[in-house]
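No experiment lies behind these values; they were computed from the predicted model shown.
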Amino acid sequence: MSSGPHAPTLTLATFSAGERASLWEQAFPVAVWRTVLGAGTVTVHVNSGSGSGSTGSTGSADGAALVLMGSRDGRREALRPLTVGSHQICLAREEHDWLWIDGDVRTVTWTAERSVELAPVTVVMPTFRREQDAVAQAGRFAQMECVHQVIVVDQGGSLAEHPGFLALQESAPGVRLISQPNLGGSGGYARGMLCSQEFPEDSVLLSDDDAVISEESLLRMATYQALAAQPTILGTPLFSAQEPLRLIALSEAVRANDFQWHAADGVRAPVDLTGTSPEDWDFLRPRGEANYTGWWATLFPPGTVAELGLPAPFFLKWDDAEYGLRATRRGYRHVVLPGTSVHHPPWDAYRTQMSWTSRVLHRNRLATAAAYSSSRGVILSSLMHQCKHILSGHHLTAALWDDGIEGFLAGPSAWLGHDLERARAEGQEIVTRWHEDHPVTASELPPARRAPLPFVPGVLRAVLRLVTPDRAPRVVVEVTAEELHWHTTMGADAFVVTGAGVPDGAAHLVQGSAARSLLLGTLRRHLRMTLRWPSLHRRYERDLPRATTEQAWSALFDRAGSSPEAEGGR
């Protein structure tokens with residue numbers, strides 16, 4: 001923060017043109033910032049591409065080819081020509097959603113006259129046997145001036161003697177290491193959040209070890225948070241690490257009727273922003289209020305952990321959503337700030353649905369729904385999805401969900417806060433056993449077709465399979481891990497999944513006998529959930545808050561043989 005002649009000048013956003021710079025970073029989302037700036041004035045400082053007043057081959061020497069642009073509701077408008085230098089914009093007269101500079105610019109900086117101090121940032125970063133990612137990520141954070149300390153929670157036991165990490169700690173004393181057994185994402189974040197309370201004046205950033213965020217994005221988040229009158233948790237738009245301008249998710253919320261997360265804006269599927277500008281970004285306008293943010297990069301204001309407690313002990317999946325719902329109940333807002341970004345390797349449906357994670361995902365969703373609502377809407381949603389899994393041949397997913405339902409039905413005392421050390425192994429055991437009981441390889445099947453069956457014939461074939469004897473497969477569909485969906489395999493007698501990270505010959509045989517057994521079993525489980533829901537609601541509503549306290553987590557760490565004291569660092 002620098003001082004102007006009359007009042008402190010707070011930098012809201014800075015853009016520097018470069019090889020990978022994009023309009024996403026340069027454009028100013030004025031509609032979002034207006035919520036914390038009110039009807040005041042912002043100043044835009046512009047330098048042209050040449051750095052000496054010229055705007056390049058199409059610009060004049062005084063920079064007049066630069067134009068202030070605005071967009072709203074998909075309409076683009078040239079507001080006024082600009083010269084190199086500083087220009088004030090009155091927000092009270094500004095009705096656009098976005099402002100940006102059209103022309104050959106080198107730097108653009110947006111500032112406001114505000115007296116506010118940014119809190120230093122403590123970063124909490126769990127990791128599990130991804131040494132290269134962890135060292136690189138911790139090193140990036142250690143170089144950021146706004147970061148006070150980086151708490152690395154190693155749950156794979158591979159960093160304490162790692163040469164790269166030891167060298168990093170030697171050069172960056174603010175990097176601290178905690179080693180503990182693998183207690184999942186929630187266990188890693190809980191441990192780091194617990195240690196972060198040594199510095200209660202710090203904001204706390206939760207970050208994956210492979211989610212890359214720039215210092216500029218972090219500064220924009222911290223600035224917005226400091227200006228907000230209401231306690232505000234800041235999230236980050238998620239972009240693909242492989243395709244840097246491919247937007248995967250922005251603002252999200254958990255629906256109250258069925259407890260499924262969904263977009264709180266128009267980002268229903270990944271969007272490529274290449275070659276676009278703000279008038280094309282109408283899908284970013286909010287359609288509802290976010291009530292959680294993804295923990296690939298989430299910034300808590302100071303005091304959040306002390307007030308709200310630690311994550312639910314879910315191992316992984318739904319810990320971020322549950323914490324967001326808890327925060328919303330306590331009066332916190334959630335804002336995902338356009339113009340910021342985090343780049344993360346994208347997930348695909350195969351690794352999400354047909355791996356051990358699917359079991360805990362569904363169990364944790366049901367537990368969260370039971371703790372926060374007496375409505376049975378989540379049961380109907382669960383049953384509908386299970387029927388789609390079974391009809392489309394995603395029988396491994398259905399089996400994992402069924403086991404998750406059984407865990408949920410056992411009640412919180414059976415697993416909540418007690419299964420973190422074995423949750424992954426138990427889920428993987430189901431996957432291994434399923435593959436052993438259903439051995440099939442792609443080479444054993446007829447040639448596969450790339451196109452899925454038309455929807456109606458596919459549904460008819462799937463339903464007919466439920467009432468006919470098993471037979472040799474005739475229709476085989478090949479899909480990539482990214483394309484895997486219930487409608488892409490519906491009606492196939494077998495399907496083969498291809499793509500990076502997928503085991504060779506990942507083939508799935510779809511048999512009517514297995515489908516019938518799964519359907520009957522899941523109908524019984526959903527009936528039991530329906531009948532027992534009032535009791536389950538009371539138990540999870542009572543026990544989940546108890547499991548998120550510092551005392552509960554400290555006892556859990558003690559049982560796991562993990563000392564609460566951090567290793568290394570200052």
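Atom CD of Gln132 has 12 or fewer heavy atoms from other residues, nucleotides or ligands within 6.0 Å. Heavy-atom neighbours of Gln230 CD from other residues, nucleotides or ligands within 6.0 Å: above the threshold of 12. Counting heavy-atom neighbours within 6.0 Å of Glu95 CD, excluding the residue itself, gives a total of 12 or less.
Side-chain N or O atoms of Ser373 include none that pairs as donor or acceptor with a backbone N or O of Ala369 at under 3.5 Å.
A donor and an acceptor atom, one from each side chain of Gln225 and Thr232, are nowhere located under 3.5 Å apart. A donor atom on one side chain and an acceptor atom on the other are found under 3.5 Å apart for Thr122 and Asp202. No side-chain N or O of Gln260 forms a donor-acceptor pair with one of Ser381 less than 3.5 Å apart. Side chain to side chain, Thr9 and Thr111 fail the donor-acceptor criterion of an N or O pair below 3.5 Å. Counting only N and O atoms by type, the side chains of Tyr224 and Thr35 include a donor and acceptor under 3.5 Å apart.
Relative orientation of the Trp318 and Trp261 rings is parallel, given thresholds of 30° and 60° on the angle between their planes.
Aromatic pair Tyr323/Tyr189: centroids not less than 6.0 angstrom apart. A distance of 6.0 Å or more separates the ring centres of Tyr332 and Phe300.
Ion pairing between a basic and an acidic side chain is recognised when a charged N comes within 4.0 Å of a carboxylate O; Glu289 and Arg333 show such pairing.
The only member of Asp209, Asp133, Asp208, Asp154 that meets side-chain hydrogen bond (donor to acceptor under 3.5 Å, both in side chains) when paired with Thr127 is Asp209. For the ring pair (Phe, Tyr, Trp, His ring centres under 6.0 Å) criterion with Trp24, the lone passing option out of Trp100, Trp281, Phe15 is Trp281. Among the candidates Arg326, Glu322, Glu252, the single residue satisfying the side-chain hydrogen bond (donor to acceptor under 3.5 Å, both in side chains) test with Tyr292 is Glu252.
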